[in-house]
There are 2 protein chains.
Amino acid sequence: MSEINVLVVEDDPLIAEDIRHHLTNADYSAQTVVHNKADALAALATESPDIVLLDINLGGKLDGFEVAEAINAHYHLPFLYLTSYSTKSIVEQAKFTRPMGYILKPFDEADLFSSIEIALYNFAQRQKPAKLTRELINEQILDKLTEKEFELLEHIFDGLTNKLMSERHFVSINTIKTHLKSIYGKLNVHSRTEAIAKIRVLLP
Amino acid sequence: MSEINVLVVEDDPLIAEDIRHHLTNADYSAQTVVHNKADALAALATESPDIVLLDINLGGKLDGFEVAEAINAHYHLPFLYLTSYSTKSIVEQAKFTRPMGYILKPFDEADLFSSIEIALYNFAQRQKPAKLTRELINEQILDKLTEKEFELLEHIFDGLTNKLMSERHFVSINTIKTHLKSIYGKLNVHSRTEAIAKIRVLLP
DNA sequence: CGATGCCTCACCCAAATGGGTGATTTTTTT
DNA sequence: AAAAAAATCACCCATTTGGGTGAGGCATCG
């Protein structure tokens with residue numbers, strides 16, 4: 001993941017600036033910082049962030065929960081609570097809004113980054129289908145395919161045509177076809193769709 | 001879910017005891033707590049746990065990864081990493097070991113239970129090959145496709161040819177082709193493999 | 001009743017795909 | 001250095017697939 005767009009909802013200007021500073025230092029390509037619920041809702045609609053860092057306590061009120069509910073209702077986003085409270089009641093209330101985690105104040109840069117990374121990873125794990133990677137495939141079949149063949153299998157998985165594959169690999173379409181024939185033989189199938197179906201059931 | 005056997009691999013005796021305490025309070029029927037890699041490997045072989053909670057940092061060394069590799073290589077088990085903020089950017093390393101998730105320290109009982117439950121659920125889910133069902137698909141696309149079209153999309157997903165589909169549905173191959181054209185138009189794709197790729201990314 | 005949507009089917013044509021054979025070059029392994 | 005494996009490419013041919021057009025039957029809905 002190259003560009004991460006972070007929406008920070010934090011009423012305390014010092015903390016907000018601190019977070020913005022840390023994120024800017026790293027390769028997080030964009031951050032939007034807002035200080036209240038209204039701006040947060042607006043930013044959600046316009047900025048399409050990848051993750052939201054959400055202070056529960058916004059200007060003395062627990063508006064963070066309402067932002068969380070808006071996220072759950074209308075978007076499809078992981079969010080982390082920024083909180084200095086660890087009281088039972090807050091946690092009880094917070095967990096019904098299904099955050100990906102909590103960042104407890106005070107926190108340092110490592111806290112921030114690891115929390116974001118883990119949240120994004122866990123969220124992706126829950127939301128996304130298995131991505132075809134070499135590590136994920138059954139080893140017996142893995143062993144049979146060459147590096148090149150596996151790349152082409154990934155392309156098939158992504159819906160590419162032979163022509164597109166040949167252009168992407170700077171080889172002739174005949175070469176692609178030869179590779180595919182080899183793949184089909186090794187997987188014991190007779191078409192690209194069968195190949196996809198076959199490796200799909202081998203995915204964990 | 002009746003009896004869950006949890007293997008806890010945690011070198012910090014305080015945290016280990018804390019986890020054991022939480023698990024005992026709930027109806028988790030068995031826990032085995034070990035403090036180092038050697039004992040973890042022994043416990044894996046003898047205790048047949050249902051899930052492993054794995055501290056990455058065991059006695060100052062990242063032995064947790066090696067335990068994870070052992071699990072992946074020789075067992076068939078979900079595991080969760082127990083990790084703290086101080087461990088910097090472990091995700092890059094950790095994700096290649098394919099954990100079911102992470103439990104961030106400090107965590108409370110609710111974190112612990114929900115993480116375990118979610119991990120067990122997701123692990124069970126992913127053992128089954130992805131089944132294309134109507135409920136799983138994005139509703140916008142769902143709405144566009146007719147019942148028949150969706151059935152044929154499932155067949156494409158399973159790698160069937162037009163001929164096989166026509167035989168299975170007792171209609172002519174021309175009818176199948178007409179349906180497919182309609183599907184492609186609605187999904188805005190130009191081939192069956194593209195259609196598969198498209199619906200695949202819409203699956204949860 | 002007319003409109004609409006769905007399922008059915010046919011015909012045509014172009015493009016893509018699958019299968020077979022054989023070959024050269026490069027890389028890796030032994 | 002020799003052998004094996006991998007990657008490259010070119011034919012040929014049959015089949016499959018995709019795209020366009022048109023059309024009949026059937027049900028539902030306004």
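Each chain gets a letter, A, B and so on, in the order the sequences are listed, and its residues count up from 1.
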Next on the checklist: Between B:Val33 and B:Ile19, is the side-chain contact (heavy atoms from CB on, under 4.5 Å) condition met? List the steps.
Outcome noted: CA-CA 9 Å; B:Val33 181; B:Ile19 294 174; over 6 Å; no
Item to check | Residue pair B:Leu187, B:Glu149: steps toward the side-chain contact (heavy atoms from CB on, under 4.5 Å) verdict | outcome: CA-CA 11 Å; B:Leu187 296 186; B:Glu149 287 165 355; over 6 Å; no
Checklist entry - Can B:Glu47 and B:Leu7 be said to form a side-chain contact (heavy atoms from CB on, under 4.5 Å), step by step? => result CA-CA 8 Å; B:Glu47 301 290 331; B:Leu7 171 60; 5.7 Å; no
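With hydrogens and angles disregarded, a donor-acceptor distance shorter than 3.5 Å links the side chain of A:Asp50 to the backbone of A:Asn5. Judged by distance alone, with hydrogens and angles left aside, the side-chain atoms of A:Asp11 form no donor-acceptor pair with the main-chain N or O of A:Asn36 at under 3.5 Å.
Counting only heavy atoms from C-beta outward, the side chains of B:Leu23 and B:Ile4 never approach each other to under 4.5 Å. Between B:Leu77 and B:Leu44, some side-chain heavy-atom pair lies under the 4.5 Å cut-off.
Comparing the local axis fitted to the first five base pairs of the helix from C:dC1-D:dG30 to C:dT30-D:dA1 with the one fitted to its last five gives a bend of 60°, rounded to 10°.
Base engagement by A:Lys181 is indicated by at least one non-hydrogen atom pair under 4.0 Å involving a base atom.
Taking atom CZ of A:Phe150 as the reference point, atom C1' of D:dA6 lies 17 Å away to the nearest angstrom. At whole-Å resolution of the value, CD1 in B:Ile156 and P in D:dT16 are 16 Å apart. Distance A:Glu151 CD to D:dA6 P: 14 Å, rounded to the nearest Å. Distance B:Leu152 CG to D:dT17 P: 13 Å, rounded to the nearest Å.
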Checklist entry - Quick one: what's the B/S/- string for nucleotides 25-30 of chain D, heavy-atom cutoff under 4.0 Å, read 5' to 3'? => result ------
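Once you apply a 4.0 Å limit to the heavy atoms of chain A, the touched nucleotides of DNA chain C run 5' to 3' over C:dT17 to C:dG20.
Residues from residues 161-179 of chain A lying near DNA chain C, meaning a heavy-atom separation below 4.0 Å, are A:Thr161, A:Asn162, A:Lys177 in numerical order.
The salt bridge (Lys or Arg N to Asp or Glu O under 4.0 Å) test applied to B:Glu194 returns no partner, not counting sequence neighbours. With sequence neighbours excluded, no residue satisfies ring pair (Phe, Tyr, Trp, His ring centres under 6.0 Å) with A:His35.
Between B:Ile156 and B:Tyr184 the shortest heavy-atom distance is CD1-OH, 4.2 Å.
Residue A:Arg192 is tested with A:Ile183, A:Asn162, A:Leu152 for a side-chain contact (heavy atoms from CB on, under 4.5 Å); the sole match is A:Asn162.
We find the NZ-CZ distance between B:Lys163 and B:Arg168 to be 13.5 Å, quoted to the nearest 0.5 Å.
Salt-bridge check for A:Glu151 with A:Lys148: failed, with every basic side-chain N at 4.0 Å or more from each acidic carboxylate O.
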